Each structure stands twice: as C-alpha cells, then as structure tokens.
Amino acid sequence: MPDVRLTVDRTPHVVPAGASVGDVLAGAGITAAIAVRANSEQLHDLSWVPEDGDRLESVPMATPEGRAILRHSTAHVLAQAVTDLFAGAKFAIGPPVENGFYYDFDVERPFTPDDVEAIERRMIEIIKAGQSFARRRVDPDEARGLFADQPYKLEIIDRATAGAVEGEETVDAAGPDITVYDNVGSKGGRAAAGVAPGLAFTDLCRGPHLPSTRQIPAFRLMRTAGAYWRGDEKNRMLQRIYGTAWESKEALAVHLRMLAEAERRDHRRLGAELDLFSFPTEIGGGLAVWHPKGGAVRRAMEDYSRAAHERAGYEFVVTPHIARSTLFETSGHLQWYADGMYPPMELEGATYYPKPMNCPGHILIYKSRGRSYRDLPLRLFEFGTVYRYEKSGVLHGLTRARGFTQDDSHIFCTPEQLAGELTSLLAFVIGLLRDFGLTDFEAELATRPERYVGEPAQWAEGEAALRVALEASGLAYVVAAGEGAFYAPKIDVHIRDAIGRRWQLSTLQVDLQEPGRFDMEYQAADNTRRRPYMIHRALFGSVERFFAILLEHYAGALPAWLAPVQVTMIPIAERHVPYLRGVAEQLRERGVRVEVDDSAERMQKKIRNAQRQKVPFMLIAGDDDETAGAISFRYRSGEERRGVPVDEAVSEVAEEIASRRLVPLAVTAGATHE
RNA sequence: GCCGGAGUAGCUCAGUGGUAGAGCAAUCGCCUCGUAAGCGAUAGGUCGCGAGUUCAAUCCUCGCCUCCGGCUCCA
C-alpha cells in the first residue's frame, strides 16, 4: 500500500494509506484534538481518512471551533435523551450557538422544569455510556426511510436535495449524499446506566462530532423556550431546550459565574437599587420614568454630548412629538414603517401620528427657506424623543423601549462633502464613546437589504462613501451584507463592555430617499439647483439604551463625573453635621452633586449605605477633623485618607470630576464588598 | 404577538383548603459613636384582577392583566 504524505499543524508526516485522522494525530503525539480542518476548509471527524497531500490543522476542544463541535455533540445527546423519554417526540434542529447549544422539539406538551431535570439525568447516563458518534453517508431515499416519522428531518432532506437553498450549506461538500450520525453504545459503556450496546440514536447531521459522548466534560441544560420552526411566526411553535457545554468543569463554572455577574449588573436591577428609573405599569410597558438620581446621570451625559456637538459645528433644533399623517406619507414612514408606529389620533379632520424618527422634522427645518451651498454642511442636532410600537414580548428595560430619546442629527451636505463628513463623523463618534470609557469597538458596514427603496446605483454610491470613511478611520470592520435599513446603507458601531458583551450603539446612515421624497435642494455656486445628500446619525443610539449599557459596563459604579451622587458627607456624630454642611456648600458651589447624611444611623451604617449606592467619594468628619479644619476621605475602593485640609479636599473632588477620569482617584485594587 | 415561567408588605422571599409571616426599608424612642448593618417598639397586605368549585379559596379550576426568559445563529 502506498504511503500518504500529509502535513499536520505544519509538520510533514507520512502515514500508511487508509489511516484515519485519529491514527495520524496519535502518531504525531497530538492528543488534545477532537477534529481537524483540512486544507483550511472543511472540518472533519477523527474517523475521517485524509488523502495524499492534505494539510491538516488539529482542532482542540478549547477553541471556538472545538467548543462548537462539543456543543453540537451535546445537542445530539439532548435529542437522544428527549426521544428516549418522550415517545413520539419529533426533533428539528440542534445547532451550537454562542456559549452553548439548543435543540428544538415538537412534543405533545411543553417541557416542565421536572422534565428538564429528567432529561439532564438521562443525558448524563448517555455520556457515561460512552456512545461513539459514527458518521454514515446515505442517499436521499435512504435518508427519507430513516426519518420516515420525523417530518422536520424530511423537510430538511427535501430542502437539501432541492439544492443549496438560500445559500444554505445543507449537503456534504464531497457529494450529493446526505450524512447521518449514529450513536452506538459501546460494550465498555455502563450496562447499569440502561443504555444498551448497539444503535441508540441516529440524527441527520453534517458533523463533525466528538468521537464519543464520554468526551463531553461538562454541560448543563439552561432553560426552555418556545421557538417557531425556521424562525417564522407563521410556522408551528416548537419547544426549545437551551444548554451549554464546556471543555472542563472549571470552564463551565467560569461561564456560570459570568452569567451571575451579568445578572448582578442588569440595569433593571441596578435602576431599582440605585433609585434611577422605573417602569410604572400605570404608564405602560416600555415607557420609563426617570427618578432624580437617574435624571442627574442623564443630564450629565446629555450636557457632555451637547458640548461636544457644539464644538463639532452642530446646531441645535427642537421638533414636536406628533405630526400629521401627510408628513409621514411624504417621508415614506407610513408606507414602510407603519408596523413600528403608534396608531394615529384624529382631530379636527386631520390625522396625527407620534413620530417614530426625527428626520422629517429636521428636513422641514432645512426646507424652511432656500438653501445655498454656503449653508452646507448643515448639521442639525436634537435630543429627539420618539415612540415606536414594539411587540410586548420584545421589550427589555431601557435597551428596548417604546419611547426613547435619540441623540439624533441629520447632516445635509453636497455630494463632494459626503465622504469627508462621514470620515470626520466616524472619528467624532469614537472620540465621544471613548470619553465615556468604552474602548473596544467593532464596526459593521450594512449593505442593501432585500427590501429596499431607491436605485441600486445610489446604494452603491452610499456604500462606497461609508467604506471610504471606515478605511480612513482605521477601525476594524466587517461587511454585514443585506443588513442595511430599508432607506439607507449604514455603519453600525458596536462596543464590547467590561464583561465582554457586544452592544450595538452608534449608527451612521447615508439616506438615499428623503432628499428626493421631500424634493430638497440647494443653490450651487454655478447657480444651478442641486439635491443635497443627507446623513442620519445617532451616537448613543438612544440615551436610554446608552445609559443602560454604561450602567452595566460599570456595574453601577459610574465614573465620578457621571455618578448621580458624587459625594456623601458622613458625620461621626450628630454634632458634626453643621460643619459638614459648610463643606457641602463649598462643594455645591463648585458644581458637585453632594448629599449630607444627617439620618439617625450610626456612622458605620452610613458608610455601608453610601458604599451600596456606589458613591465615589465619602467625606467624613469627627472632632479631630473639625478642630483641624480638615476632613477625611473614604473612596469607593474602601481606601481612606484622613485629615485633609478642606480646601484641598474640595479641589481634589472638583478636579476629579472635571477631569472626567474614568476611575476615581486613589482607586487601585478592587477592595469591594458584595 | 406566540411558547413557557412568575406575581404574597416599599424590596427580597417563606407559607397553608379554615381570611398570613421573616429579613431589609419606613416611622418613633433610646444610644452620640472614627471607616460596610447598635438596641427596642410601632406601623404596613382585597396574598395581581375577575369568575367558578367548596360550608370555607391566598392555596384548586378557568379567563384576564403585568413582569421575566426565549422566539437571530439553520441537519
């Protein structure tokens, strides 16, 4: 038999023909791999037999691809457990997802928490039994026979054999056949576990998979949920079970801790704990009220944003919250966006709608008089509150609300100015986000969607201008094909927060519709009338959403310049209150948000309260301080500094706030309780 | 909207077919204190809303309301 020459992780190897990847890796001393990538393309199981000249890269479990294989294999175990326990269960799809996997089932009744526990126990049995995942190639008819009682699988087979529909990668790349995976119980498996040797389960699957269920180191079922078949609400709702799986028990524990941390940081929870905002049911879902402390933070954010926009050459405008239907007919919102709008109000023969966007109002300001090229670029800015109908099930605190305020601008410019405006705008966006302490950015260039208005040539032009701006910014970006708004290609800026979650914030859009719909024009230098270009942009996205993201990013411990209460004054005994009031007055004169805690509590309790409210500075005074004309700091970190002269302390606090430093002074280590 | 889960004091939660309890918060009193909870007392509930079953419902049944998780990643 001729030998086969391969490279494995860039090292040449010669193996006998017919050797499987598992044999090859074992020979090469690579033990951690659970699959390989061949020739930088397809992933393969360890049972796959490579051909002469193949370049193999081993895929360890503790990599994104390795975890996806692990999770996908765990999903199969889940499906087997469900079919074992629920006779007649139909199973649909079970892919790996970020941080886990799911599997969708069609069952008689939804799963109860007890069911999930039983399923999890059954999965542990299957894992301990050490079933192998055996790949098998079948022709479509054979596949239909195997899954004769599985309508969802039959549908998948039909779609696969009908050709790669909608770009789906449904057929194994090597040929027209379908592949299935058999779970085969090994003799070494525990008979006591009740999983007999022999064929235990078969699923339609592209693979690859782990060699054996025993190689699933750690998993947990997380929750159940309803999910429409193929994600379409016209289809039957299936019962989905979500789970997670990791390369080690430790990795699972780290993941669970991250989830607990995310829950601890949830802005809805912090909003109540820190008395920032609430959603009174009397007002309605998705409509927040801002309490004084939340209002203070919001004002600090808005004031800073206003000042930045002023420096960047924006002009400030205000437009009403409702407008006649005719305005939204002209803008196209009623034709294209009616599903997202609040219903109309009739009065005096006219129909009014709450505005879902601010652009039409700003366009009318542009059109209020004739415009010259000398007016351009015209940058109009407004904290514009908009109302959008969101289905009740999708509301989520401040991040998905029905009423919210955009830091919205529309820039009207000449075609020649477009690329330059976009470039400087992108730099402006990043600068502003950095000032709020966000550092990890990713951009997306979202191109023409399936459902769009305008001419493809215009879209191409807009996309090209956005691309120029992205290239000039040096920002890493990916193209999100077909993700543009119906009226505009756009750049979306995403950030990653302190615990690694990704959020979409800013959006920059080149509007291809409105200037024409509103018949906008300006007089050019050559005395001709031309149509301006229009850029929509919101940097926070929405003030509410940005606020929520910051709150979660900082886990409620906002930088001093944003903190709702910047200083809490704490007397050692009640007799020190007047002295503290005097110091508080000096701080207030410097613009500091300060409270004097004159409650009947003991000093220790006051410190605890201020600490729980995440106040950046506590200023404490007792007899020693008062006699010396001094005061003592306790920082949010728990560090303290005693006997600081009052003048010095006031300056330190005021300067710390003015600096907009992101971490309060003297905070070095995380000496945090709770 | 759809599927599931949950609604008991301001908050976090316990509880039972015989009309309810804890901790924190609140109010009052005592204590006057040097860096994360001093002590005591008081007050606070139509057990989400409506109907049904029952001698009796916060508890069981049905409907509604609100909130939470999911409905995007494609064998």
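Proteins come first, then strands; the chains are lettered A, B, ... in the order of their sequence lines, and each starts at number 1. Keep in mind the model is a prediction, meaning the values are calculated, not measured.
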- Check every strand shown and say whether A:G231 touches a base, only sugar-phosphate, or nothing at a heavy-atom separation below 4.0 Å. sugar-phosphate
- Item | Gap between atoms CZ and C1', on A:R400 and B:C71 respectively (whole Å) | 12 Å
- Pairwise C1' distance for B:G5 and B:A51, with rounding to whole Å: 24 Å
- Can a salt bridge be assigned to the pair A:R265 and A:E261 using a cut-off of 4.0 Å between side-chain N and carboxylate O? yes
- Pairs involving residues 278-287 of chain A, ordered by first then second residue, that meet side-chain hydrogen bond (donor to acceptor under 3.5 Å, both in side chains) (sequence neighbours left out): A:S278-A:H291
- Note on the structure: Whole-Å distance, A:D624 CG to B:C33 P, equals 12 Å
- Query: OP1 or OP2 of B:G38 sitting under 4.0 Å from any side-chain N/O of A:R602?
  - Reply: yes
- Query: With a 4.0 Å cut-off on heavy atoms, is A:Q604 in touch with a base, just the backbone sugar-phosphate, or nothing at all?
  - Reply: sugar-phosphate
- Message: Rounded to whole Å, please give me the gap between NZ in A:K153 and P in B:C74.
- Response: 14 Å
- Nearest-Å distance once atom P is located in both B:U19 and B:G23: 22 Å
- Scoring nucleotides 1-12 of chain B by protein non-hydrogen atoms under 4.0 Å (B base, S sugar-phosphate only, - none) yields BBBS--------
- Query: When the ring planes of A:F105 and A:Y103 are compared, do they come out parallel, tilted or perpendicular, using 30° and 60° as the limits?
  - Reply: parallel
- Message: Please give the distance between the C1' atoms of B:U16 and B:U35 as a whole number of Å.
- Response: 46 Å
- Message: Between the base of B:A37 and the side chain of A:R612, is one N or O donor paired with an acceptor at under 3.5 angstrom?
- Response: no
- Distance between the P atoms of B:G21 and B:A26, in whole angstroms? 23 Å
- Encoded 5' to 3' (Watson-Crick or G-U under 3.5 Å; [ ] crossing; | other strand), RNA chain B becomes (((((((..((((....[..)))).(((((.......))))).....(((((..]....))))))))))))....
- Query: Which value, in whole Å, describes the distance between the C1' atoms of nucleotides B:U8 and B:U66?
  - Reply: 15 Å
- Query: Hey, would you say the A:H494 and A:W503 ring centroids sit under 6.0 Å apart?
  - Reply: no
- Query: Does OP1 or OP2 of B:C67 have a side-chain N or O of A:H396 closer than 4.0 Å?
  - Reply: no
- Whole Å only: how far is the CD atom of A:Q504 from the C1' atom of B:U72? 14 Å
- Note on the structure: From the candidates B:C74, B:A36, B:U32, the one with an atom nearest any side-chain atom of A:Q611 is B:A36
- Message: Can you check the distance between B:A36 and B:G44, where both ends of the measurement are the P atom (answer in whole Å)?
- Response: 36 Å
- Classify the nucleic acid contact of A:Y102 as base, sugar-phosphate or nothing, counting any heavy atom under 4.0 Å across all strands shown. sugar-phosphate
- Mind telling me whether A:H76 and A:H72 have parallel, tilted or perpendicular rings, with 30° and 60° as the class edges? perpendicular
- So what does A:K606 hit on the nucleic acid, given a heavy-atom distance under 4.0 Å: a base, only sugar-phosphate, or nothing? nothing
- Message: With a 4.0 Å cut-off on N to O distance, would you call A:K153 and A:E155 a salt bridge?
- Response: no
- B:C31 and B:G40: how far apart are their P atoms, nearest whole angstrom? 16 Å
- Query: Which whole number of Å gives the distance between the P atom of B:C3 and that of B:C49?
  - Reply: 24 Å
- In whole angstroms, the gap separating P of B:A36 from CD of A:E640 amounts to 8 Å
- Does B:C71 have OP1 or OP2 sitting under 4.0 Å from an N or O in the side chain of A:Y242? yes
- Would you check if A:D203 and A:V180 make a side-chain contact, meaning some heavy-atom pair closer than 4.5 Å? no
- Message: Between A:D623 and A:C205, which residue's closest nucleotide on RNA chain B lies nearer the 5′ terminus?
- Response: A:D623
- Specify the separation, in whole Å, of atom CG of A:D598 and atom P of B:C33. 18 Å
- Gap between atoms CD1 and P, on A:I631 and B:G34 respectively (whole Å): 17 Å
- Message: Once you apply a heavy-atom cut-off of 4.0 Å, does A:R575 come out as touching a base, just sugar-phosphate, or nothing?
- Response: sugar-phosphate
- Message: Can you tell me which residue among A:R501, A:R268, A:R269, A:R264 is in a side chain to side chain donor-acceptor pair (under 3.5 Å) with A:E552?
- Response: A:R501
- Of A:H72 and A:G286, the one whose closest RNA chain B nucleotide lies more 5': A:G286
- Item | Rounded distance (Å) that lies between atom P of B:A36 and atom CG of A:D597 | 15 Å
- If you check every side-chain atom of A:K605, which of B:U35, B:G70, B:A37 has the closest atom? B:A37
- When we call it a touch if two heavy atoms are under 4.0 Å apart, what does A:N609 touch: a base, just sugar-phosphate, or nothing? nothing
- Query: Below 4.0 angstrom, N of the basic side chain to O of the carboxylate: do A:E120 and A:R220 qualify?
  - Reply: no
- Note on the structure: Rounding to 0.5 Å, atoms CZ (A:R400) and OG (A:S542) come to a distance of 11.5 Å
- Note on the structure: Output for pair (A:I216 CD1, A:E247 CD), nearest 0.5 Å, gives 13.5 Å
- Which nucleotide in the list B:U35, B:C74, B:U66 gets nearest to the side chain of A:T281? B:U66
- Message: Between A:R496 and A:E442 (salt bridge meaning N to carboxylate O under 4.0 Å), is one present in this structure?
- Response: yes
